[in-house]
Every structure is written in C-alpha cells, then in structure tokens.
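So the structure is just underneath, and the comments pick up after that.
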Amino acid sequence: MSKLYVFGIGGTGARVLRSLTHLLACGVACRDTVVPVLIDPDVSNGDLSRTVTLMQHYASVRGSLSFGNDTSSRFFATELMEIGHFRLPVQDTQDLVFKDFMAVDQGMSRPSQALLHMLFSERNMQADMSVGFKGNPNMGIIVLNQFATTPEFIDLANIFQQDDRVFIVSSIFGGTGASGFPLLLNTLRDNHTLPNFGLLNEAVVGAVSVLPYFKVKATESSSIESDAFIAKTRSALAYYDKNLQGKLQAMYYIGDNATAHRSYPNIEGGREQRNNAHLVELLAALAVLDFANHDFQPHGKTVYKEFGMEVDKEQTVIFGNFAATTRNILRRPLTQAMLMANYMDNVGLDLRLAQQWSRDNGLGATFFAGDFFGHLQACLKDYVAWLHEMEDNQLSFAPFERNAQDAFAIVRGVTPARSFLGKKNYQLFDATLDDVSRSFKKRPSPERAFMELFSAATAKLVAQKLKY
Amino acid sequence: MNLSEIAGTVCDFINRLGLYSQPLSLYLWGYDCSTGEYSLPILYNLYGFIALVVALVLAAIYYYAWKPVRRQRMWWFVLLGANGLVQWCVAYFCLTARLDAGRIGECLVFNDSGTQVIDRADIAMFGVVNAVVAMLLFFVLSLVFKSFSSTCRHYPF
C-alpha cells in the first residue's frame with residue numbers, strides 16, 4: 001500500500017494531526033498508510049506531546065489488529081507508521097538564543113553582523129528558541145533549514161517509494177509553521193542530495209495552510225500578538241503565490257474570522273501551550289483525507305480548495321450544518337466511536353463480564369485489564385476530551401449531547417427511533433453485541449473480536465435508532 | 001416401563017420420601033373404587049404433560065424471546081421458581097376441586113378406620129412433588145435450549 005507522509009509543522013500542525021488521528025481511529029476512510037511526522041523545536045510543547053502520545057496509543061491498538069477481506073471493522077483501519085517517535089528533531093535549539101545559534105559573536109565578520117542586526121530585531125536576537133519561534137517565521141526559516149541533513153529525515157527519504165505522497169500541515173500566521181512549510185516544500189523539490197531524491201522531487205505533494213482562526217490575549221511579556229496575525233498571513237500568502245507555484249499539486253486553505261471569537265491564553269510555548277481543539281483543525285484534517293482519497297497528476301496544475309460553511313458566529317455547529325459530502329464522511333464514524341466510548345463509561349466491568357459476547361470471545365477480566373484495552377481506553381478518553389474541547393471553543397462544534405439519559409439520544413438534531421416493546425438503552429446495546437457475536441463464523445483473536453463486535457453493533461444501532 | 005408411566009414413576013420415586021399418601025398415588029394412577037381396577041385416566045400423565053408444556057414455554061421465553069442481558073441468573077431462578085409455583089397451583093386446585101366434588105373414591109379418601117387420608121394437606125404435598133418435577137423439567141430443558149441462545153448461553157451456568 002502506498003504511503004502518505006503527513007508533516008505537521010508547529011503547534012497547529014500538531015493539533016491538526018491530533019484531529020486526523022481521531023478521525024482515523026473512528027474509521028474515516030483513508031486510502032494510504034499514513035506516516036505522521038511532527039516538526040517543532042519546542043520539544044516540551046503541550047500540543048505536540050499530547051498528539052504524540054495519542055498516536056502512540058493508536059499505533060499500539062492498530063498493531064494488535066489485522067485487516068483482511070473478512071474484517072468489517074473500520075476502527076483503526078488505517079495504519080499509522082511510526083518513524084522516529086513520530087517526530088523530526090530540530091537540532092541546537094534547546095537552551096540557546098537565536099543570536100548564539102547563528103554564532104553572531106563567535107568570529108562573524110562585522111559586515112555580516114551588521115547585516116543580521118538589520119534583518120533581525122534585538123528581541124529576535126535574544127529570543128529563546130526552546131519554545132519555538134514565537135510567531136517569527138523569519139527566524140524559523142534560518143533554524144529549520146537544517147532538518148534535511150538530520151539522520152531522521154534521511155531515513156525518511158530512504159524509505160520513500162514510488163507512488164508515496166506528501167502532505168504538509170501548517171499555520172500561516174505562526175512562526176514554525178509559516179517558515180517550515182515553504183522550506184520543507186523546497187527541500188522536497190530541489191534537494192538533490194537526499195536518498196531517493198528523484199522520487200521525492202517528482203512526488204505528488206499537497207498542503208493545507210491554516211489561516212487565523214483564533215486570537216490570543218494581549219500580554220506585555222509575550223512576543224506573540226494576534227493583531228499581527230492578519231499582516232503575517234498577508235505577507236506569507238504573497239510569498240507562497242510568488243515562490244511556490246507549480247511545486248505542489250493541491251493547496252487547501254482553511255480559516256475562520258478570528259476577531260469575533262474567544263481569546264486563548266497567551267502562552268509562547270512549552271508544556272502549557274495546549275490549546276483546546278477547534279473545528280478548524282478537524283476540517284484541516286479532512287483536507288488531509290481529501291488529498292489521500294483523490295488522485296492528482298504529478299505535474300498537473302495546482303488545485304486550490306477551500307472549505308465553506310454558512311454559520312453565525314454564535315451558532316453551535318452540528319452535523320446538520322455540514323453539506324452532505326462532509327456530513328457523510330463524519331457523521332457515522334464519529335457517532336459509532338461515541339457510542340463505543342459511552343458504553344465503556346456507562347456499563348461497568350462486572351456487567352460486561354456477565355454478557356455472552358464477552359464470554360464467548362475471551363473478553364474476560366484479563367482482557368479488560370490488559371495493554372490493548374488500556375491503549376484503546378486512552379484513545380477513547382482523548383476522543384471525548386477532543387469533542388468537549390471543540391464544543392467549549394468558539395466556533396463551537398457540538399454534534400453530541402454530553403449527558404443524554406438515553407444511550408441513543410446523543411446526536412444533536414436527531415431524535416432516535418422509539419420502540420415500546422423490546423430492550424432499550426444499554427440493554428439493547430448488549431443484546432445487539434450478542435447478536436453480532438453469534439454471527440461470527442470463526443472466533444478471531446480477542447482484540448479483533450472486540451473491535452468487530454463494537455464496529456458491527458454500533459453500525460447496526462446507528463442504522464436502527466438514528467436512521468443513518 | 002412405557003411412556004405412559006414415566007410421569008407417575010418419577011413422582012413415585014420422589015414420593016419414596018413419603019410426602020403424600022399411597023391412596024392419593026393410587027388415585028393418580030387411575031384406580032377406580034367402583035370397579036377395583038385401574039380404569040380411570042392416569043392423572044400423573046395429565047399433570048406431567050402440563051408441567052412439560054409450561055416448562056417448555058417458560059424456557060423458550062427466557063432463552064429466545066425475552067433474552068435478558070441483565071441479572072440473567074437471577075431471572076432464570078425466578079422463572080424456575082415461578083414454574084414450580086404454577087405447577088403446585090395446578091395440582092393443588094385441580095385435585096382439591098375433585099375432592100370437594102366427590103370424584104375421588106371414598107375407598108381411597110378414607111382408611112379402614114374411617115380417618116380421612118386424602119385431604120388438602122396431602123394434596124398440597126403432592127403439589128410440592130409436582131413442582132419439583134416441573135423444576136427438574138425446566139432445568140433439563142434449559143440445558144438444551146441454552147446452547148442456541150444468543151444472550152444466555154452461560155446461564156444458569
């Protein structure tokens with residue numbers, strides 16, 4: 001199977017990859033094996049750490065499953081290939097200010113020093129790079145230039161094959177993303193020293209550039225100012241227009257009018273930079289999947305795509321607000337995953353162990369205390385947190401009710417079908433799991449059985465109760 | 001032993017404990033005081049048949065219609081008990097109605113010294129035996145039915 005290398009650059013890249021991981025975990029279709037690569041000098045960045053942890057849990061779950069012709073479950077169907085712990089390290093940025101990185105005071109000629117002082121402010125020169133470039137792409141472009149020589153990037157280039165493709169995720173208004181995207185693209189296109197450079201130079205490449213979609217509170221101590229986002233966006237777009245023409249086959253843009261929305265705390269980086277998930281990041285992840293599931297000509301004209309929705313700034317977005325194409329991609333997989341997550345939260349271990357589906361498939365106490373289930377629970381927990389964060393954000397995306405009394409009355413805007421006779425609520429869920437278990441012709445491994453059971457049962461219940 | 005004697009033989013076996021009287025047993029085997037022969041219908045068969053049908057219906061309901069997914073073992077025991085109770089009631093009320101209507105021969109109801117042997121208490125004890133047989137039937141049917149159940153294959157064990 002061909003691979004799609006998805007580079008997530010900076011904090012926005014990490015958050016979009018978090019959304020992508022959740023979509024893949026829910027079973028949203030992706031044609032390729034995904035190779036996520038996060039690039040960020042801020043090694044302790046909260047968003048980055050959270051995404052890497054999630055991807056490691058995903059890979060652990062996926063590693064215990066197999067997908068053949070007889071597999072109907074799409075949960076975790078896409079493989080996430082791990083290279084270098086999903087990260088490309090950026091060297092020589094820890095405990096170093098920008099000036100020392102460039103060795104300004106270490107034997108540099110006076111004319112060169114003068115030139116640099118013209119190009120970079122004193123604040124830039126003294127900037128601590130261990131938390132990234134703090135909205136300064138002019139710094140990022142210098143520091144990130146080294147990644148093509150790192151052993152990890154060379155390993156990546158080594159395994160690149162014919163028909164593999166590349167997708168780059170970045171923000172246009174930050175520091176790391178805005179500088180990293182054109183740098184990476186130029187490296188892929190113009191570098192002739194990398195292994196497989198011929199394949200890389202000719203590879204089909206796509207990118208999503210995330211325009212401003214939030215603002216940060218104005219703080220004197222921080223060098224990040226949301227007032228500058230639009231100006232930075234404008235200048236970056238001008239640069240892309242001039243310098244990136246013809247270098248990629250698909251360019252996606254997504255953003256939101258940030259002025260009307262809530263401000264995030266102004267954290268320059270580090271462990272505390274952990275913004276709540278936003279609908280824009282989910283939609284950017286859909287751009288990755290759109291690219292993965294469509295063909296683009298290697299030397300074809302760049303295709304530009306945008307995402308549009310008609311919503312008021314105070315509105316809460318639900319599935320019904322999307323056009324049919326997007327709704328069909330998202331609604332069923334996310335609902336199935338939500339049902340599974342809610343089942344785990346609401347049906348205790350004792351009850352699960354008493355069910356026939358559990359006993360017949362070797363899903364006893366040992367299974368539920370084991371590593372596979374632990375990793376799965378971690379994914380589900382982050383999935384629910386991700387949804388809650390998007391709901392609490394502005395623009396709010398809240399497709400599910402948080403405290404529904406009925407197991408199936410969870411989708412906003414959809415009333416579940418009622419039946420007066422027969423089982424209800426989680427008893428119906430268990431009965432459906434039992435029916436699915438009975439239909440197994442051959443007993444698979446416990447891990448595979450578990451995913452097949454919940455995939456088939458939730459699909460049946462969504463069709464039966466929610467009618468989609 | 002032929003098929004028509006199974007129910008009676010099982011009850012008689014249990015009645016080795018002396019739970020109900022011999023004259024009642026003779027009546028249930030079809031003894032007619034007026035002819036001195038076993039010419040009346042064997043009531044053991046009637047009550048055995050009723051017990052079988054009720055046990056079958058309850059087991060089928062439990063394993064194939066109701067299919068409980070909560071407290072499965074508890075509900076199985078509830079049905080077991082309900083089955084027994086129903087069979088006790090069937091035996092007790094049917095036989096006491098016959099006793100009150102004089103349909104049980106006096107040669108069986110009273111012994112040689114004129115003491116009433118077949119009375120309500122005696123019939124009640126037969127009801128207990130009938131209930132035990134019914135519960136055994138329910139248990140055996142459960143072992144067969146549970147194999148094909150989608151939710152209760154592991155109940156009662």
Side-chain angles (χ1 to χ4, degrees), chain A residues 339-340 342-344 346-368 405-408 419-443 446 449-450 452-454 456-458 460-461 464-465, chain B residues 49-90 93 131-157:
Chain A
L339 284 173
M340 179 162 64
N342 283 347
Y343 181 94
M344 295 307 151
N346 288 285
V347 179
L349 181 62
D350 286 345
L351 271 178
R352 278 182 247 156
L353 295 178
Q355 302 310 312
Q356 186 161 316
W357 60 264
S358 157
R359 291 179 172 205
D360 286 348
N361 292 286
L363 303 172
T366 310
F367 171 82
F368 286 107
Q405 292 304 308
D406 183 272
F408 309 108
S419 61
F420 295 102
L421 298 172
K423 292 182 177 51
K424 295 176 183 19
N425 225 328
Y426 289 103
Q427 294 194 31
L428 175 61
F429 207 136
D430 275 314
T432 309
L433 284 163
D434 285 334
D435 286 338
V436 170
S437 176
R438 203 153 162 242
S439 69
F440 285 170
K441 289 187 176 52
K442 204 171 105 175
R443 292 284 167 211
F450 184 88
E452 288 288 323
L453 281 168
F454 274 86
T458 52
K460 262 179 122 170
L461 289 164
Q464 179 188 336
K465 298 297 271 182
Chain B
F49 179 75
I50 293 172
L52 179 65
V53 167
V54 172
L56 205 83
V57 167
L58 287 179
I61 287 173
Y62 177 80
Y63 286 105
Y64 303 130
W66 180 12
K67 299 192 287 185
V69 291
R70 295 288 182 271
R71 300 190 194 95
Q72 294 94 320
R73 191 169 283 115
M74 183 197 86
W75 288 118
W76 185 87
F77 277 106
V78 165
L79 279 183
L80 179 77
N83 184 31
L85 186 66
V86 163
Q87 293 314 309
W88 183 90
C89 290
V90 163
F93 289 108
V132 169
V133 169
M135 289 194 285
L136 279 170
L137 274 172
F138 182 78
F139 177 78
V140 169
L141 286 167
S142 294
L143 296 180
V144 175
F145 283 15
K146 76 185 188 109
S147 306
F148 307 100
S149 170
S150 63
T151 63
C152 299
R153 209 159 65 81
H154 302 276
Y155 296 95
F157 53 85

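- The local environment of OH in B:Tyr64 is crowded, with over 12 non-hydrogen atoms from other residues, nucleotides or ligands closer than 6.0 Å.
- Counting heavy-atom pairs closer than 4.5 Å to chain B, the top residue among A:Leu351, A:Asp434, A:Asp435 is A:Asp434.
- Only the side chain of A:Val347 comes within contact range of chain B, with heavy atoms under 4.5 Å apart.
- At distances below 3.5 Å, at least one donor-acceptor pair connects side-chain atoms of A:Lys423 with backbone N or O atoms of B:Trp66.
- Qualifying side chain to side chain contact (heavy atoms under 4.5 Å, CB included) partners for B:Ala131, counting only residues two or more places apart in sequence or in other chains: B:Trp88.
- With respect to B:Arg70 and A:Asp430, a salt bridge is recorded, a charged nitrogen being found less than 4.0 Å from a carboxylate O.
- Contacts between residues 135-150 of chain B and chain A, counted as heavy-atom pairs separated by less than 4.5 Å, involve B:Phe148, B:Ser149, B:Ser150.
- Evaluation of the side chain to side chain contact (heavy atoms under 4.5 Å, CB included) rule for B:Val86 yields B:Val54, B:Val90 as partners, not counting sequence neighbours.
- Shortest non-hydrogen contact noted between A:Gln356 and B:Thr151 is OE1-C, 2.8 Å.
- Of the possible polar contacts, one joining the A:Gln355 side chain to the B:Val69 backbone as a donor-acceptor pair under 3.5 Å is found.
- Along residues 357-368 of chain A, the residues that come nearer than 4.5 angstrom to chain B, judged on non-hydrogen atoms, are A:Arg359, A:Asp360 in order of number.
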